[in-house]
Amino acid sequence: MLRKDLYRSPVLLGTLMAAFMLLLMPLESLPAPAGAVVGFIYGSDMKTPVQNAVVKIRNVEDGKEYVSSPTDSSGAYKIEQVKEGKYILGVTAPDGDYNFGYILVVKGGEIGKLSLALKAGAASGLGQEEPTGAPEKERVSFFRTPVGVAVLMVATTLALYGTFKLLEGKEEASPSKR
């Protein structure tokens with residue numbers, strides 16, 4: 001009697017339907033946990049904290065920008081509620097603007113720690129021209145180097161030998177054939 005009433009319960013039916021709907025719902029529709037970036041800003045001597053610097057990060061995919069409050073006397077900054085993704089980084093300090101030519105990856109639910117030293121000079125990277133100077137050595141493909149040629153020769157020899165062994169006929173042993 002109790003089993004019959006339990007299986008006909010509207011609460012159980014509602015719970016089962018809700019669980020089934022959760023299984024069908026894609027995970028992308030659930031909000032991802034936000035991350036944070038914290039750290040310190042130092043001067044070019046890598047020791048002196050920079051006060052009143054503002055750290056900015058911009059999402060590479062959608063262009064959304066997150067900005068820290070100005071750094072305190074110890075050079076500390078904090079950017080909270082950052083959506084998971086890849087970001088480019090810049091700092092606006094009292095003595096000028098600094099852009100960094102690398103990608104910062106922020107993971108949801110985690111705190112990234114990044115301390116920076118500000119030094120004047122041309123940065124290379126995203127959307128910026130390379131400084132003129134000594135020409136870079138041209139990169140040569142691996143298979144055009146002596147080691148690469150040797151690897152190709154060994155691989156070709158092994159492939160041909162394997163093909164020969166597969167195609168080699170297995171004859172029946174006969175006392176009349178020598």
All heavy atoms of Gly43 vs all of Ala117, minimum pair found to be O-CB, 3.8 Å

Please evaluate residues Leu118 and Phe100 with respect to the criterion side-chain contact (heavy atoms from CB on, under 4.5 Å), reporting the C-alpha separation (whole Å), side-chain torsions for both, the decisive distance (0.1 Å), and the verdict.
CA-CA 10 Å; Leu118 305 178; Phe100 295 87; 4.0 Å; yes

Roughly how far, to the nearest 0.5 Å, is CD1 of Ile41 from OG of Ser74?
11.0 Å

Any side-chain heavy-atom pair of Ile88 and Ile57 under 4.5 Å:
no

Taking only residues two or more places apart in sequence or in another chain, which ones pass side chain to side chain donor-acceptor pair (under 3.5 Å) with Glu65?
Arg58

Go through the steps to decide whether Leu89 and Tyr102 satisfy the test side-chain contact (heavy atoms from CB on, under 4.5 Å), and finish with yes or no.
CA-CA 8 Å; Leu89 177 74; Tyr102 55 85; 3.7 Å; yes

Which pairs pass salt bridge (Lys or Arg N to Asp or Glu O under 4.0 Å) with one or both residues in residues 100-116, sequence neighbours excluded?
none

Partner residues of Ser69 under the side-chain contact (heavy atoms from CB on, under 4.5 Å) criterion, sequence neighbours left out:
none

Sorted by chain and number, sequence neighbours left out, side-chain contact (heavy atoms from CB on, under 4.5 Å) with Ser115 holds for Phe40, Tyr42

Shortest non-hydrogen pair, Gly90 vs Asn99, comes out as CA-OD1, 3.9 Å

Can you name the residues that form a side chain to side chain donor-acceptor pair (under 3.5 Å) with Thr48, not counting sequence neighbours?
Asp45

By side chain to side chain donor-acceptor pair (under 3.5 Å), Lys83 pairs with (sequence neighbours left out) Asp62

Close side-chain approach of Val67 and Val55, heavy atoms under 4.5 Å
no

Kindly say whether Ala76 contributes a backbone atom to a donor-acceptor pair with the side chain of Asp72 at under 3.5 angstrom?
yes

Test side-chain contact (heavy atoms from CB on, under 4.5 Å) on Val106 and Val37; report intermediate values, then the result.
CA-CA 8 Å; Val106 176; Val37 180; 3.9 Å; yes

Connecting only ILVMFWY residues whose side-chain heavy atoms lie within less than 4.5 Å of each other, what is the rest of Leu158's hydrophobic cluster?
Val154

Where do Pro49 and Gly75 come nearest, in terms of heavy atoms and distance?
CB-N, 3.7 Å

Tell me whether Val105 shares a hydrophobic cluster with Val60, the cluster being built from Ile, Leu, Val, Met, Phe, Trp, Tyr side chains joined at under 4.5 Å.
yes

Sequence neighbours excluded - ring-ring contact (aromatic ring centres under 6.0 Å, His included) pairs with any residue from residues 66-95:
Tyr66-Tyr87

Run the side-chain contact (heavy atoms from CB on, under 4.5 Å) test against Asn52 and tell me which residues pass, sequence neighbours left out.
Pro70, Pro94

Check side chain to side chain donor-acceptor pair (under 3.5 Å) between Glu80 and all other residues, then give those that pass, not counting sequence neighbours.
Lys78

OG1/Thr71 to CG/Leu116 distance, rounded to the nearest 0.5 angstrom?
11.0 Å

Other ILVMFWY residues reachable from Met46 by side-chain steps of under 4.5 Å:
none

Apply side-chain contact (heavy atoms from CB on, under 4.5 Å) to the pair Val54 and Val91, showing each step before the final yes or no.
CA-CA 6 Å; Val54 176; Val91 177; over 6 Å; no

Listed pairs under 3.5 Å, donor-acceptor, residues 142-153 side chains, sequence neighbours left out:
unit_1	atom_1	unit_2	atom_2	d
Thr145	OG1	Phe142	O	2.6
Thr145	OG1	Gly148	N	3.2

